[in-house]
Peer 1: 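Take this structure, written in structure tokens, and hold onto it; I'll ask about it next.
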2 protein chains.
Amino acid sequence: MSNPEWKSVGNGHLEGPVPVPDLDPSKLIITRSESLKPIPKPEDLLVFGTIKTDHMLIVSFDPATGWSAPEIKPYGPLSLDPASSCFQYASNLFEGLKAYVGPDGVPRLFRPEKNMARMARSAERLALPPFNPDALLELIKKLVIVDKRWIPNATGYSLYLRPTIIGTRSGPYFRNGTKPISLLASTENVRAWPGGTGSHKLSGNYSPGFLPQRVAIKQGYDQILWLLKDENGSYQVTEAGIMNIFVVVSREDGDLDLITPPLDGTILAGVTRDSVLALANAHTDGKLVLPGIPSNRRLHTHERAFTTADIDHWLTLGRLQEMFSVGTAAILAPVGRVGIKDLKGDIKDLILPSYEDGIGPLSHAMLQMILAIQEGRENFEGWSVRCE
Amino acid sequence: MSNPEWKSVGNGHLEGPVPVPDLDPSKLIITRSESLKPIPKPEDLLVFGTIKTDHMLIVSFDPATGWSAPEIKPYGPLSLDPASSCFQYASNLFEGLKAYVGPDGVPRLFRPEKNMARMARSAERLALPPFNPDALLELIKKLVIVDKRWIPNATGYSLYLRPTIIGTRSGPYFRNGTKPISLLASTENVRAWPGGTGSHKLSGNYSPGFLPQRVAIKQGYDQILWLLKDENGSYQVTEAGIMNIFVVVSREDGDLDLITPPLDGTILAGVTRDSVLALANAHTDGKLVLPGIPSNRRLHTHERAFTTADIDHWLTLGRLQEMFSVGTAAILAPVGRVGIKDLKGDIKDLILPSYEDGIGPLSHAMLQMILAIQEGRENFEGWSVRCE
């Protein structure tokens, strides 16, 4: 996420804080396969995508040195660190286009500039490095020429090309610490939707958040607060970055409400989320005492929807005590500030109550209790499982 | 998509048409690294995910032989075919959990059975093979014991574990042919939504369709017809499988309407979609004559939303002439039947008009014209680009 942002302007370099080389077809290195494969007859090519040609085109990107010299080389496996973002967060995209042999014997591509332009847009959406689409097309044409013998010379048959970009870095994805974080509520990007996959821990749920996160950082916020418009046009709060979210609201009877969005199919069933709910209930039921929280302080847990308007309203009433996000990596992060767009599109900052040490009493209690259980210093319902 | 469906029942075998071995910790092979890495001090571990331990746990699945003997071996890169579905379609998922050392010196995991259960649910959602969650936990415990020296013995520090499943197959993803296909309209799963990534060709948009597609096939349909509920509660038609969708509707004036959903952010800007619209306009404008379509036959193109109720209504009126899906791989597939759930949840089949050869006149004309341009037999606006 800390990569500078580049732009391909077609002059051979990606423009940005530190310019780096753009894709450059003149640097192409071709290493031909020494053992060409037998080519099946067109009528034997019954199943899409099962047979690969002799060669592939590879270019790699390094933030320090830009796009490498492109290589056409024998088709073969890729060797990648298991922590690469292509495996973990699905920072991957692809294109599909076909090559034909014309009546003149020359290989042809169908409107390939459309694919190149879409590929550039996809890369931008995933915060992957930009590239010169014309340069990529030139390189793909070279590959088609090298593998020309694979294009079936029969009507209705073609060679399918599959340009693909995969993220190979495994860089930092969130930071630890208990300094309050700031959230930018996003009305443009929506993490999950009814009927989508937001309740599952799928890689593909993560990379779409990279660009919004980068935009949030640029605007001075740490993470995105994800929203979902409800039937009344209000924005329900769903998650924060890659964490579940809680608010602590004081009640008229002096008790506290601890509220988190329900598992309605758009919310990840976080283990820390479940643990916070269980620990709050255990405190109220007298099964344990959360550190620093009076044993007679009742915590009412609610899995129910709330909106950005609710946050604003609770703050105005002086009832919103704490807001925090939870997840395995950071355990708990207190929220200090939420940027919300008003009707004019201006961002208004909602400021949460501040505390000494930056963390509210219930947030602190939860973090300490969870850490103590995790580290085996406290026991609770067999949550800490020994490896032996 | 043709894999049989298995179920892990905890008896050592995955149950299914042909039972295959489930995950089996008793088969574990441990190969220890010969050169252990130096361990950083806890205070130097500032950035999440940058340093990896000495070992990793690997198990692979083959539909013919089931889960392989698990291996703990030196941490290192994975070697994979570039066409693997983990790169192409993001058939990937992960979990995150942490290991701690307790006061007794024994490594501990925090509620790991929650992660294992969620991982099994994620695998099911992506149509990846099932596994015995208890067996996986047992194997992860072994890995923690092997890499125990990496767990920082300081409060607030832990070793992060990242179980991951990636799809390694590159199997067929769609079939060719002009036999009419059948579509099952899905009200449960939603491909794309406002603020989502449906308009981009991201890998993560594809694997969530694997399971619904499998369900459709089980119910006797070829593909899913993707829907999105609009503000009136009607189901807008968005895409079909991994293709854009068109309907051909006759008008009172004898002309034809050619309608496809608009590029509103939920629809992929398909190259074939764009080509069909352009060719229809060119026919109406007299710039070309589509094969078999009278030159004075006017085709009115519309990029606008339509619903399953509209399809039903047009059919009732006898106005729905043709329906077809388009994409690069198959170019054009005529639709013969659409299964739609009624209010009771029963599936009602809408039957499209049938034609000799299975394909309607406009569908046939489009397919022939696109093929002719792609193969360089016809020229249109420089769409066929020579590689030289």
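Note that these values count all heavy atoms, side chains included, but never hydrogens, waters or copies made by symmetry.
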Peer 1: Using a cut-off of under 4.5 Å on heavy-atom pairs, state which of B:G376, B:G96, B:P82, B:C86 scores highest against chain A.
Peer 2: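 Counting heavy-atom pairs under 4.5 Å, the top option is B:P82.
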
Peer 1: Please flag which part of B:L80 lies under 4.5 Å from any non-hydrogen atom of chain A: side chain, backbone, both or neither.
Peer 2: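 Contact with chain A involves both backbone and side-chain atoms of B:L80.
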
Peer 1: Using heavy-atom distances under 4.5 Å, tell me whether B:T155 contacts chain A through its side chain, its backbone, both, or neither.
Peer 2: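 Contact with chain A: backbone and side chain both.
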
Peer 1: Do you know which of A:G204, A:G327, A:A269, A:G265 has the most heavy-atom pairs with chain B at a distance under 4.5 angstrom?
Peer 2: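 The residue among A:G204, A:G327, A:A269, A:G265 with the greatest pair count is A:A269.
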
Peer 1: Using the six-membered ring wherever Trp is involved, compare the ring planes of B:Y89 and B:Y206 and label them parallel, tilted or perpendicular (cut-offs 30° and 60°).
Peer 2: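 B:Y89 vs B:Y206 ring planes: tilted.
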
Peer 1: B:V106 versus chain A, heavy atoms under 4.5 Å apart: side chain, backbone, both or neither?
Peer 2: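 The answer is the side chain of B:V106.
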
Peer 1: Please determine, among A:E381, A:Q374, A:R191, the option with the most heavy-atom pairs under 4.5 Å with chain B.
Peer 2: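 Max contact count across the listed options: A:Q374.
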
Peer 1: Tell me whether A:E388 at atom CD has more than 12 heavy atoms from other residues, nucleotides or ligands lying less than 6.0 Å away.
Peer 2: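 Result for CD/A:E388: enclosed.
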
Peer 1: Could you have a look at A:G382, A:P103, A:G102 and say which one has the most heavy-atom pairs with chain B under 4.5 angstrom?
Peer 2: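 Most heavy-atom pairs under 4.5 Å with chain B: A:P103.
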
Peer 1: For B:L202, is it the side chain, the backbone, both or neither that has a heavy atom under 4.5 Å from a heavy atom of chain A?
Peer 2: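 Looking at B:L202, backbone and side chain both touch chain A.
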
Peer 1: Does any N or O in the side chain of B:D147 come within less than 3.5 Å of the main-chain N or O of B:H55, such that one atom is a donor and the other an acceptor?
Peer 2: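 Yes, because the side chain of B:D147 sits within donor-acceptor range (under 3.5 Å) of the backbone of B:H55.
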
Peer 1: Go through the atoms of B:L268 and report whether side chain, backbone, both or neither lie under 4.5 Å from a heavy atom of chain A.
Peer 2: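 Contact with chain A involves the side chain of B:L268 alone.
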
Peer 1: With a 6.0 Å cut-off on ring centres, are A:F87 and B:F87 close enough?
Peer 2: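 Judged by ring-centre distance (under 6.0 Å), A:F87 and B:F87 do meet the cut-off.
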
Peer 1: Closest heavy-atom contact between B:P107 and B:I151?
Peer 2: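 Closest pair (atom of B:P107, atom of B:I151, distance): CB-CD1, 3.7 Å.
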
Peer 1: Could you tell me which residues satisfy ring-ring contact (aromatic ring centres under 6.0 Å, His included) with A:Y100, sequence neighbours excluded, listed by chain and number?
Peer 2: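 Residues passing ring-ring contact (aromatic ring centres under 6.0 Å, His included) with A:Y100: none at all.
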
Peer 1: Check each atom of B:S275 against the heavy atoms of chain A and say whether the ones under 4.5 Å are side chain, backbone, both or neither.
Peer 2: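 For B:S275, backbone and side chain are both near chain A.
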
Peer 1: Under the side chain to side chain contact (heavy atoms under 4.5 Å, CB included) criterion, do B:R377 and B:L371 qualify, and how do the steps go?
Peer 2: CA-CA 8 Å; B:R377 292 180 279 112; B:L371 262 178; 4.1 Å; yes

Peer 1: Of the listed residues (A:A99, A:G167, A:G156), which shares the most heavy-atom pairs with chain B below a 4.5 Å separation?
Peer 2: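 Among A:A99, A:G167, A:G156, the one with the most close pairs to chain B is A:G156.
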
Peer 1: Check for a donor-acceptor pair, side chain of A:S186 on one end and backbone N or O of A:N189 on the other, with a separation under 3.5 Å.
Peer 2: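 It does hold such a pair.
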
Peer 1: Check whether B:K142 gets within reach of chain A through its side chain, its backbone, both or neither, counting any heavy atom under 4.5 Å.
Peer 2: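 It is neither, since no heavy atom gets under 4.5 Å.
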
Peer 1: Evaluate the side chain to side chain contact (heavy atoms under 4.5 Å, CB included) criterion for residues A:L159 and A:T53: first the C-alpha distance (whole Å), next the side-chain angles of each, then the deciding distance (0.1 Å), finally the verdict.
Peer 2: CA-CA 9 Å; A:L159 175 66; A:T53 64; 3.5 Å; yes

Peer 1: Would you give the length of the straight line joining atom OH of A:Y235 to atom NZ of A:K229, rounded to the nearest 0.5 angstrom?
Peer 2: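 If I round to the nearest 0.5 Å, the distance is 4.0 Å.
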
Peer 1: If the contact rule is any heavy atom under 4.5 Å from chain A, which residues of residues 114-121 of chain B qualify, in numerical order?
Peer 2: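 Listed by number, the contacting residues are B:K114, B:N115, B:R118, B:R121.
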
Peer 1: Can you name the salt bridge (Lys or Arg N to Asp or Glu O under 4.0 Å) partners of A:K201, sequence neighbours left out?
Peer 2: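 A:K201 satisfies salt bridge (Lys or Arg N to Asp or Glu O under 4.0 Å) with no other residue.
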
Peer 1: Below 4.5 Å from any heavy atom of chain A, which atoms of B:I166 appear? Answer side chain, backbone, both or neither.
Peer 2: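 Only the side chain of B:I166 comes within 4.5 Å of chain A.
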
Peer 1: If you count heavy-atom pairs under 4.5 Å with chain A, which of B:L93, B:I140, B:L109, B:I370 comes out on top?
Peer 2: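 Top count of heavy-atom pairs under 4.5 Å with chain A: B:L109.
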
Peer 1: Report which part of A:L126 has an atom under 4.5 Å of a heavy atom belonging to chain B: side chain, backbone, both, or neither.
Peer 2: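 When you check distances to chain B, only side chain atoms of A:L126 fall under 4.5 Å.
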
Peer 1: Can you tell which part of B:I58 gets under 4.5 Å to a heavy atom of chain A, answering side chain, backbone, both or neither?
Peer 2: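 For B:I58, there is no contact with chain A at all, as no heavy atom is under 4.5 Å.
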
Peer 1: If I measure from the heavy atoms of chain A, does B:I145 come under 4.5 Å with its side chain, its backbone, both, or neither?
Peer 2: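 Interface part for B:I145: side chain.
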
Peer 1: Does A:K98 reach the main-chain N or O of A:R108 with its side chain, forming a donor-acceptor pair under 3.5 Å?
Peer 2: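 Checked: no pair found.
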
Peer 1: With a 4.5 angstrom heavy-atom cut-off, could you sort out which part of A:A192 is near chain B: side chain, backbone, both or neither?
Peer 2: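 For A:A192, the contact with chain B is made by the backbone alone.
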
Peer 1: Heavy-atom distance under 4.5 Å to chain B: side chain of A:K52, backbone, both or neither?
Peer 2: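 When you check distances to chain B, only side chain atoms of A:K52 fall under 4.5 Å.
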
Peer 1: Need one label for B:D274: side chain, backbone, both or neither, based on atoms under 4.5 Å from any heavy atom in chain A.
Peer 2: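 For B:D274, heavy atoms of backbone and side chain both lie under 4.5 Å from chain A.
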
Peer 1: Against chain B, label A:P194 side chain, backbone, both or neither, depending on which of its atoms sit under 4.5 Å from a heavy atom there.
Peer 2: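 Backbone only.
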
Peer 1: For A:C387 versus B:K141, what's the shortest heavy-atom pair and its separation?
Peer 2: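 The answer is SG-CG, 3.8 Å.
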
Peer 1: Between A:S79, A:G195, A:P208, A:G196, which residue shows the highest count of heavy-atom pairs closer than 4.5 Å to chain B?
Peer 2: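 With the most close heavy-atom pairs to chain B, the winner is A:G195.
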
Peer 1: Select one option (side chain, backbone, both, neither) describing which atoms of B:E113 are under 4.5 Å from chain A's heavy atoms.
Peer 2: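 It is the side chain, since no backbone atom gets that close.
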
Peer 1: For B:S384, is it the side chain, the backbone, both or neither that has a heavy atom under 4.5 Å from a heavy atom of chain A?
Peer 2: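 Answer is both: backbone and side chain atoms of B:S384 are under 4.5 Å from chain A.
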
Peer 1: Would you call the rings of A:W193 and B:W193 parallel, tilted or perpendicular, taking 30° and 60° as the class edges?
Peer 2: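 If you compare the ring of A:W193 with that of B:W193, the planes turn out parallel.
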
Peer 1: Looking only at atom types and distance, does a side-chain atom of B:S207 sit under 3.5 Å from a main-chain N or O of B:A90, one as donor and one as acceptor?
Peer 2: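 The answer is yes, because a donor-acceptor pair under 3.5 Å joins these two groups.
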
Peer 1: Are the side chain of B:N205 and the backbone N or O of B:T197 linked by a donor-acceptor pair below 3.5 Å?
Peer 2: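 At least one qualifying donor-acceptor pair exists.
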
Peer 1: Under the rule for salt bridge (Lys or Arg N to Asp or Glu O under 4.0 Å), what residues qualify as partners of A:E188, not counting sequence neighbours?
Peer 2: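 Here the qualifying residues are A:K341.
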
Peer 1: Is the backbone of A:R162 close enough, under 3.5 Å, to the side chain of A:T164 for a donor and an acceptor to pair up by distance?
Peer 2: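 Here the side-chain-to-backbone pair exists.
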
Peer 1: Less than 4.5 Å to any heavy atom of chain A: does that hold for the side chain of B:V144, its backbone, both, or neither?
Peer 2: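 For B:V144, side-chain heavy atoms alone lie under 4.5 Å from chain A.
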
